[in-house]
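In what follows, chains carry the letters A, B, and so on, assigned in the order in which the sequence lines appear, proteins first and then strands, with residues in each chain numbered from 1.
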Amino acid sequence: MQGQALPGFRDSYPEELAFRNSIFATWREVARRYGFQEYDGPPLEPLELYTEKSGEEIVQQLYAFEDKGGRKVALRPEMTPTLARMVGARAQALKKPIRWFSIPQLFRYERQQRGRLREHFQLNMDIIGEAGPLADAELIAATIDIMRAFGFGPTDVQARVSDRRVLRTLLLGSGLTEAQLPTAFEVIDKSERVPGEALAEILSKVGIGQREATIVFEVAKLRSIETVSAALAKVKGGDEAGESLRTVIAALGTMGLSEFVAVDLTIVRGLAYYTGIVFELFDRGKELRAICGGGRYDNLIREIAGVDLPCVGFGMGDVVLGELLAEQRKRVEASGQLDAFLVAVGGEDVAPVLQLAAGLRDRGIAVEYALRNQPIRKQLELAAARGASRAVIIGPDERKAKVAVVRDLKTGKQRKVALTKVRKGVFQ
RNA sequence: GUGGCUGUAGCUCAAUCGGUUAGAGCGCUGGACUGUGGCUCCAGAGGUUGCGGGUUCGAUUCCCGUCAGCCACCCCA
């Protein structure tokens, strides 16, 4: 075997591409329902676009190199900085709130494993220019509606919602210092996967004592808006900090999506630029990685483009989603697109078939025919394998009678149809 | 980037203790079937056993390296 795609990159055979396209089609359909407009940007960007604002996490795994002009460039690992630049450049002219979506191919240089390649496609939906929590709720609702459009219900997937402001306020209120916050975030993020002892050790290393550590673990266990609110009520500025989260949860409830939504403060998200609500969507079995993740990033556009615009957005990749769809056997069949397969009985029927094919194709009808002389049975076999809905058979008898035999390949029923009708694409 | 496990036909897998020409099912091609597909039967094509080296009379099998995949870290789109 020679010649393989690079590690973490995929060759997409027709069946797989049809599957991916069906995912894209659903994404676009739901985005349309929510009033979003599609945009795109370059797959290759200046390295600085990522090194400055996205945080170390992303920079470590950039696909970066120098181009022939000596410019330091990187394949885009995420779409948000590009979006921030584009919006920033026309910030004055665009009517707010801006609702844009894109389906970029993104790249990261990291060791691949299941659900995680070096390249993937990701739906990005962002609302820009609206600081109110209904924008956050709108996007969380969109992620849920996308999953519903794929046939998933509340027993299949769940959105877990948190707010960094809530986490901050609770932790600072419990006596942690600003400097200890990143470590506390890290521990909360890992609290479901890493044993408590190891976590306690991490905390003690940055000087977080027994009492504060206990509070950190308690915060990580909060799982409802009521318990979060109760905890917030005990600290300074707590009510105010929890307002967004309360509004988001209430709005999603009003939309009838409560079953899909849970408050979960262990959702932290790695990217440095998130400032408020953050959320992720998981399969209920938690077998796979997050299906989608996003949040509010109110400062990014100012930092990149110097324009003050609050934003909230999410990304949903095609890899984990695709695995979930395949696992649930909801894979869309790659059905043949052929309207008709033309069958020439003998060699002298080939010319009429070519003529008919050309005419039908001019009318936008998808047809195929055998490219060499073959027995009828072979031709019908090919027609069936192609998923053609019908075969149009032309032989000496048919030509004499100025008809064609139209055979329904699903039922096996066939009838004679006048050639004048068949030429117009009328098969019955 | 670190560690563990695994690599045999397009796919799923088999091959005794290290033994001769590496097999099967599915798929693909052709035939039985000369104007009617799906079923059945027959045949064929398809392999550097991931790659390179070592041990051995002999390696798919044992050893080393390397590459790739999976898993766990790291980290998370």
Side-chain angles (χ1 to χ4, degrees), chain A residues 1-11 13 15 50 54-63 75-82 102-124 186 189-190 193-194 198 267-274 278 280-281 287-295 313-321 323 341 343-349 370 372-399 404-415:
Chain A
M1 177 61 71
Q2 70 157 13
Q4 270 181 42
L6 288 167
F9 285 77
R10 299 170 285 180
D11 288 329
Y13 289 86
E15 199 178 304
Y50 308 110
S54 295
E56 276 307 305
E57 300 90 338
I58 273 204
V59 173
Q60 285 169 5
Q61 291 169 327
L62 277 175
Y63 237 108
L75 289 168
R76 60 185 174 197
E78 56 164 340
M79 197 57 174
T80 310
T82 301
S102 190
I103 305 180
Q105 187 175 24
L106 305 177
F107 306 87
R108 300 191 65 175
Y109 194 90
E110 64 180 340
R111 190 104 154 200
Q112 69 158 321
Q113 46 184 290
R114 188 179 183 202
R116 207 175 170 201
L117 307 173
R118 285 183 171 181
E119 149 268 324
H120 74 151
F121 289 87
Q122 188 191 63
L123 168 68
N124 274 247
E186 180 194 339
D189 187 25
K190 289 180 175 169
R193 314 187 293 273
V194 178
I267 300 300
V268 174
R269 311 271 311 145
L271 293 175
Y273 52 60
Y274 287 116
V278 286
E280 294 186 349
L281 204 66
E287 304 246 318
L288 306 172
R289 294 160 194 288
I291 302 159
C292 124
F314 72 85
M316 179 185 292
D318 70 317
V319 179
V320 174
L321 176 61
E323 287 188 12
F341 192 101
V343 174
V345 172
E348 64 278 15
D349 302 308
R372 59 183 152 121
N373 261 323
Q374 280 183 317
I376 291 187
R377 51 188 308 282
K378 282 287 172 196
Q379 297 186 54
L380 287 175
E381 199 178 287
L382 181 56
R386 288 287 200 259
S389 42
R390 63 182 69 80
V392 175
I393 303 166
I394 293 179
D397 300 345
E398 285 77 17
R399 279 187 285 117
V405 171
V406 177
R407 179 180 178 86
D408 186 307
L409 290 172
K410 296 220 166 58
T411 65
K413 288 180 182 165
Q414 60 185 44
R415 58 194 298 183

Without decimals, in angstroms, what is the distance between [X] [atom1] and [N] [atom2]?
X	N	atom1	atom2	result
A/R114	B/rC73	CZ	C1'	18 Å
A/R386	B/rG38	CZ	C1'	16 Å
A/Q61	B/rC74	CD	C1'	8 Å
A/E186	B/rC73	CD	P	14 Å
A/Y13	B/rC28	OH	P	16 Å
A/E110	B/rC70	CD	P	12 Å
A/Y50	B/rC76	OH	P	17 Å
A/L62	B/rG1	CG	C1'	15 Å

Go through the structure and list residues passing side-chain hydrogen bond (donor to acceptor under 3.5 Å, both in side chains) with A/E398, not counting sequence neighbours. none

Applying side-chain hydrogen bond (donor to acceptor under 3.5 Å, both in side chains), can you list everything that pairs with A/Q113, at least two apart in sequence or on another chain?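 Listed in chain order: A/R289.
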
Quantified in whole Å, what is the C1' atom distance between nucleotide B/rA14 and nucleotide B/rG25? 11 Å

Under 3.5 Å, which protein N or O atoms sit close to an N or O of nucleotides 2-5 of chain B? Give each pair with its distance.
none

Note, RNA chain B 5' to 3' with Watson-Crick or G-U pairs under 3.5 Å encoded as ( ), [ ], | and . gives (((((((..((((.....[...)))).(((((.......))))).....(((((..]....))))))))))))....

Could you list, one pair per line, each protein nitrogen or oxygen that sits under 3.5 Å from a nitrogen or oxygen of nucleotides 41-46 of chain B, together with the distance?
none

Contact letters for nucleotides 32-37 of chain B, in which S counts primed atoms plus P, OP1 and OP2 and B counts the base, heavy atoms under 4.0 Å: -B-BBB

Counting distance only, does the side-chain N/O of A/R76 pair as donor-acceptor with the main-chain N or O of A/Q105 below 3.5 Å?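 Flag set: sc A/R76 to bb A/Q105 pair under 3.5 Å.
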
Can a donor-acceptor pair be found, under 3.5 Å and without considering hydrogens, that links the side chain of A/E110 to the backbone of A/R118? no

Check A/E323 with A/R114, please: is the shortest side-chain N to carboxylate O separation under 4.0 Å? yes

Would you please confirm or rule out a distance under 4.0 Å between OP1 or OP2 of B/rU29 and any side-chain N or O of A/R372?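 So the side-chain polar atoms of A/R372 never come under 4.0 Å of the phosphate oxygens OP1 or OP2 of B/rU29.
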
What nucleic acid atoms does A/G8 come within less than 4.0 Å of, heavy atoms only: base, sugar-phosphate, or nothing? sugar-phosphate

